Engineer: 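Dropping a structure here in structure tokens format, bear with me for questions.
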Amino acid sequence: MVRSSFILTKFASIVILGSMILFLDPQVSAQNKIQLSIDTAKPGPKIDRNIFGQFAEHLGYGVYEGIWVGSDSKTPNTRGIRNDVVAALKALKVPNVRWPGGCFADEYHWRKGIGSRAVTLNPNWGGVVEPNTFGTHEFMDFIDQIGSQAYLSINVGSGTPQEAAEWLEYLTTPLPTTLQKERAANGHPAPYQIPMLGIGNESWDCGGNMTPEYYLRQLTIYSRFVRNFNPAQQGDQQMMKIAVGPGGGEARWTEWTDTIMKAWEKRQWSWDMQGLSMHNYTVINWGNKFASVGFGEKEYSQILKETLKMEDLVTRHAAIMDKYDPEKKIALVVDEWGSWYAPLPGSNPGFLVQQNSMRDAILAALNLNVFARHAERVRGANIAQMINVLQAMIMTDKEKMVLTPTYHVFKMYVPFQDATLIPVTFNAGTYTNGDITLPGVDAIAAKDTSGKLWLELTNVDPTNAVEIEVSLTGSNANSATGETLTASKVDSVNTFDAPDAVKPRSVSARAQNGKLTIKLDPKSVSVVSIS
Ligand code: AHR
């Protein structure tokens, strides 16, 4: 399988520093040697940092326990927000956090989460009580503490345009309106910035069972009245309004994208949008989902085959968008993606608690690479979800916290935020298990904003190491340094008792005799900078 990817120059043997051995290894067979070339003279589009976005829904322990413990908690916190989680997320340079849902968003009424709180219910997720102690101000404080930005989802399903418009006025106006004064009385006189706004969530399903035409009417009305008044967010800095988009590969989603984009092409001055959402989870059999722990190579290969469908989905919907928007003004925002497995035994099934393994690390890298290769159109993505829910970065249990393999992948990919994609060419080879054959290797390359060249390499094969021989046109490479993430088994996980079972190790390689050779461990994700 031939892939576009990237790489390094002409030097020959490799010196390994750190714990990963990058020498030519007699155990690497000839068929597991891959040539990879990178052409730095042909820079591609910017990889928008927003493809590394997160999603925090009021669902299970995602917000309560995961972020919010309250200021009188024994867990160290700042104004009720746990310090350990904030420190871990800061290291990811999270570009945006989508909140408050998900399905929850279309039943959320923002006034219940400011001032004196109303205790309500969360019928979507476990039917539990929603205390509303984490509301608008707490979310904005959290965003501020982790150094991120807000991606709000407004309630289209059970709300009104007036309610949504007032939320935006409350958040963003600098002028002394009644809502501004209320915001000031609640502790924040200055207007907030809201760079991204989702107009509904899955309006074809939990967001209100709307047809494409019915949703389009809602979109045009909400888009007209929901305004961002922050002076810092006018003109070029305007808030992105993101319409509900497709939710999978079936024909009905083609119709959905077509309806919205066709209307946008013929839009009047009075409404607009800047993004179209897409949701796509990696799940096999919604009625009897795969386990997140205790699986073998069969389930590993099945899930990775399923996750690679993201490429086709993005390609197909990007093609529909191209028909109406050849200049690519509208971003495709994959604002829910990731693995969805069976709930862990003993957990509330409505809380979507699952473990996160080495398989999820590979899955994350493969999806991020799809988004990067489609950087011209995919300018936002939010993995579901940030803490304690689905494919999480972080898991918590009271005062304990553990970082997942997916967290480590996101951290390793930080240099790719806003970097310039550099084309890479390589023959990916194959990895076969039973009747499943997948590309054996995946890779992307990019130059960061300081001009440094970065290379990501994923070895999908869980058994065989691969040697990558890198050549770089137009300049030389002397060495590579970075990190690699692998584990003893495909289902290796981090737990509160063994938090470092899956943890990156440093690697470095020096090129000699014109070639740079990097050995990839089986089932590994590696990111190196080349100098
Ligand atoms: O992420 C869990 C749920 O999945 C979200 O609430 C919903 O939008 C999607 O169906």
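One-based numbering, in listed order, for ligands and for the atoms of each. When a residue number appears, it is its place in the shown sequence, counting from 1. Predicted, not measured: the structure shown is a model, and the values here were computed from it. Keep in mind that the numbers below use all heavy atoms, side chains included, and drop hydrogens, waters and symmetry copies.
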Engineer: Are more than 12 heavy atoms, taken from residues, nucleotides or ligands other than K328, located less than 6.0 Å from that residue's NZ atom?
Structural biologist: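 Count over threshold, so yes.
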Engineer: Give me the nearest non-hydrogen protein atom to atom 3 (C) of ligand 1 as residue plus atom name, then the distance to 0.1 Å.
Structural biologist: W125 CZ2, 3.6 Å
Engineer: For the pair F55 and W99, evaluate ring pair (Phe, Tyr, Trp, His ring centres under 6.0 Å) and give the outcome as yes or no after the intermediate values.
Structural biologist: CA-CA 6 Å; F55 174 31; W99 176 84; over 10 Å; no
Engineer: Among all protein non-hydrogen atoms, which one is nearest to atom 7 (C) of ligand 1, and what is the separation to 0.1 Å?
Structural biologist: E336 OE1, 3.3 Å
Engineer: One residue to check: N124. Relative to ligand 1, which of side chain, backbone, both or neither has a non-hydrogen atom less than 4.0 Å away?
Structural biologist: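 None of N124 does.
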Engineer: May I ask you to list the atoms of ligand 1 that are less than 4.0 angstrom from any heavy atom of F55?
Structural biologist: 1 (O)
Engineer: Numbering the atoms of ligand 1 from 1, which are under 4.0 Å from a heavy atom of N201?
Structural biologist: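 Once the distances to N201 are compared, the set is 8 (O).
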Engineer: Where's the contact between W337 and ligand 1, heavy-atom distance under 4.0 Å: side chain, backbone, both or neither?
Structural biologist: neither
Engineer: Students should be able to answer this: which protein heavy-atom is nearest to atom 10 (O) of ligand 1, and at what distance?
Structural biologist: E202 OE1, 2.8 Å
Engineer: Please confirm whether F104 comes under 4.0 Å of ligand 1, counting heavy atoms of the residue only.
Structural biologist: no
Engineer: Using the side chain to side chain donor-acceptor pair (under 3.5 Å) rule, pick out the option among N77, T75, T78 that qualifies with N83.
Structural biologist: T78
Engineer: Quick one: nearest non-hydrogen protein atom to atom 1 (O) of ligand 1, plus distance?
Structural biologist: Y281 OH, 2.7 Å
Engineer: Between Y170 and W110, is the gap from one ring center to the other below 6.0 Å?
Structural biologist: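 Between W110 and Y170, which both carry aromatic rings, the centre distance is below 6.0 Å.
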Engineer: Taking only heavy atoms of E57 into account, list the atoms of ligand 1 that are under 4.0 Å away from them.
Structural biologist: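 Under 4.0 Å from E57, ligand 1 has these atoms: 1 (O), 2 (C), 5 (C), 6 (O).
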Engineer: Could you give me the CA-CA distance, side-chain angles and deciding distance for W271 and W264, then say whether ring pair (Phe, Tyr, Trp, His ring centres under 6.0 Å) is met?
Structural biologist: CA-CA 9 Å; W271 79 277; W264 175 81; 8.1 Å; no
